[in-house]
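Remember, it's 1-based here, ligands and their atoms both numbered in the order they're listed.
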Amino acid sequence: MAHQWLGVLREYADRLDVTEATPIVTLGEGGTPLIPAAALSRRTGADVYVKFEGVNPTGSFKDRGMTMAISKALEHGAKAVICASTGNTSASAAAYAAHAGIQAVVLVPEGRIAMGKLSQAIAHNAQLLQVKGNFDDCLEIARELAASYPVHLVNSVNNDRIEGQKTAAFEIVEALGDAPDIHFIPVGNAGNYTAYTRGYTEEAERGAATRVPRMFGFQASGSAPIVLGHPVREPETIASAIRIGNPASWELALQARDATGGYFGAIDDDRILAAHRMLSAEVGIFVEPASAISVAGLLERADAGAVPAGSRVVLTVTGHGLKDPQWALRAPGGGEVQPTVVPVDVAEIADVLGLRPLEHGTAQPDPAGAA
Ligand code: AN7
């Protein structure tokens with residue numbers, strides 16, 4: 001029987017603060033695939049699954065939180081919403097606001113967000129301002145504007161965002177029949193790290209899971225305030241989505257780490273890009289660089305002996321590769337990948353491909369029956 005997925009607010013209405021009074025704004029987010037990753041299981045000796053959040057309506061996990069934040073904003077009578085963003089939050093806020101018929105205002109760091117995300121915010125009719133500063137400056141301004149002007153804040157400092165995002169953990173427990181042993185996840189503001197911990201904890205409390213996984217979160221080395229233990233004033237990484245120097249959910253994330261026996265680690269950009277290539281080429285999942293840090297984190301922790309053989313692990317990959325596709329064209333040793341150009345000539349193309357002609361008489365039957 002065909003089942004139309006109804007979006008996370010309707011699918012999990014019993015576990016979210018959604019009532020008759022909540023006008024549900026949904027684009028059908030959630031219900032994303034949990035994909036077994038044989039290449040990563042072979043490499044690490046663990047039983048590895050990838051939760052592919054890039055297939056959400058706007059191409060990232062942000063949609064789970066945004067359906068909740070925009071629905072609650074409408075319930076409270078908001079006419080406009082505002083967010084600061086490294087790109088994905090702005091794309092999602094713009095799309096859900098457009099669907100709801102309200103205005104989105106988005107503040108992004110000038111020149112530092114991926115083209116796909118910028119295009120989405122503009123396509124969905126957000127008022128987009130490029131701020132001459134970094135993400136942390138944008139968030140501070142968004143918070144101040146929301147405190148003093150009639151615009152509703154939809155960054156993850158708004159608890160509705162975390163509530164919506166926790167549904168990813170519900171889906172994983174449902175798919176596996178229990179929570180995994182370890183969960184790997186990228187960390188920027190640490191809102192999603194906090195949301196998964198909450199989702200898994202609720203599943204254990206209601207008896208749907210026997211455990212809460214150890215939460216392993218990863219920041220880029222040039223942008224790793226939680227790992228360093230202090231804010232980073234000028235964060236730098238090619239993973240622009242997580243170029244955040246002063247995470248909004250820092251305290252909650254430390255609580256979540258302590259409660260789950262978790263861990264925060266830093267990964268340099270070269271390892272992020274190597275993991276990005278491996279996930280594309282060996283697992284068949286195309287993500288943006290920030291998402292590949294989950295894979296890089298798994299490889300690093302496995303090499304460190306911190307992932308017991310046979311343990312069940314889930315990696316969240318947060319955003320689609322088409323958001324920021326240029327990284328796939330980066331050659332491992334530097335420089336651009338240049339696809340080979342060939343003439344319109346079968347023999348020459350076969351030669352370039354290293355193909356030898358079939359022996360006479362061993363050819364497959366011609367389906368067109370030309371013989
Ligand atoms: C692909 O869009 O902060 O730790 O403003 O886009 O919950 O912040 C994006 C964050 C991971 C980090 N992966 O999540 C924004 C923004 C991707 C992201 C994160 C982001 P949090």
- prompt: Which class fits the ring pair Phe216 and Tyr263: parallel under 30°, tilted 30 to 60°, perpendicular over 60°?
  reply: tilted

query: Taking atom types as modelled and ignoring hydrogens, do the side chains of His183 and Tyr200 form a donor-acceptor contact shorter than 3.5 angstrom?
result: yes

message: Can you confirm whether the side chains of Ser291 and Thr318 place a donor and an acceptor under 3.5 Å from each other?
response: yes

statement: Glu11 meets the salt bridge (Lys or Arg N to Asp or Glu O under 4.0 Å) criterion, sequence neighbours left out, with none

task: Would you tell me whether Glu288 and Asn88 have side-chain atoms, one donor and one acceptor, within less than 3.5 Å of each other?
output: yes

Write out each pair where an N or O from ligand 1 and one from the protein are under 3.5 Å apart, with the distance.
unit_1	atom_1	unit_2	atom_2	d
ligand 1	2 (O)	Ser85	OG	3.0
ligand 1	2 (O)	Thr86	OG1	3.4
ligand 1	2 (O)	Asn88	N	3.2
ligand 1	2 (O)	Thr89	N	2.7
ligand 1	2 (O)	Thr89	OG1	3.0
ligand 1	4 (O)	Gly188	N	2.7
ligand 1	4 (O)	Asn189	N	3.2
ligand 1	4 (O)	Ala190	N	2.7
ligand 1	5 (O)	Ser85	OG	3.0
ligand 1	5 (O)	Thr86	N	2.8
ligand 1	5 (O)	Thr86	OG1	3.4
ligand 1	5 (O)	Thr89	OG1	3.4
ligand 1	6 (O)	Asn88	ND2	2.7
ligand 1	7 (O)	Gly191	N	3.2
ligand 1	7 (O)	Asn192	N	2.8
ligand 1	8 (O)	Asn189	N	2.8
ligand 1	13 (N)	Thr318	OG1	2.6

query: Under 3.5 Å, side chain of Ser294 to main-chain N/O of Thr316, donor-acceptor pair present?
result: yes

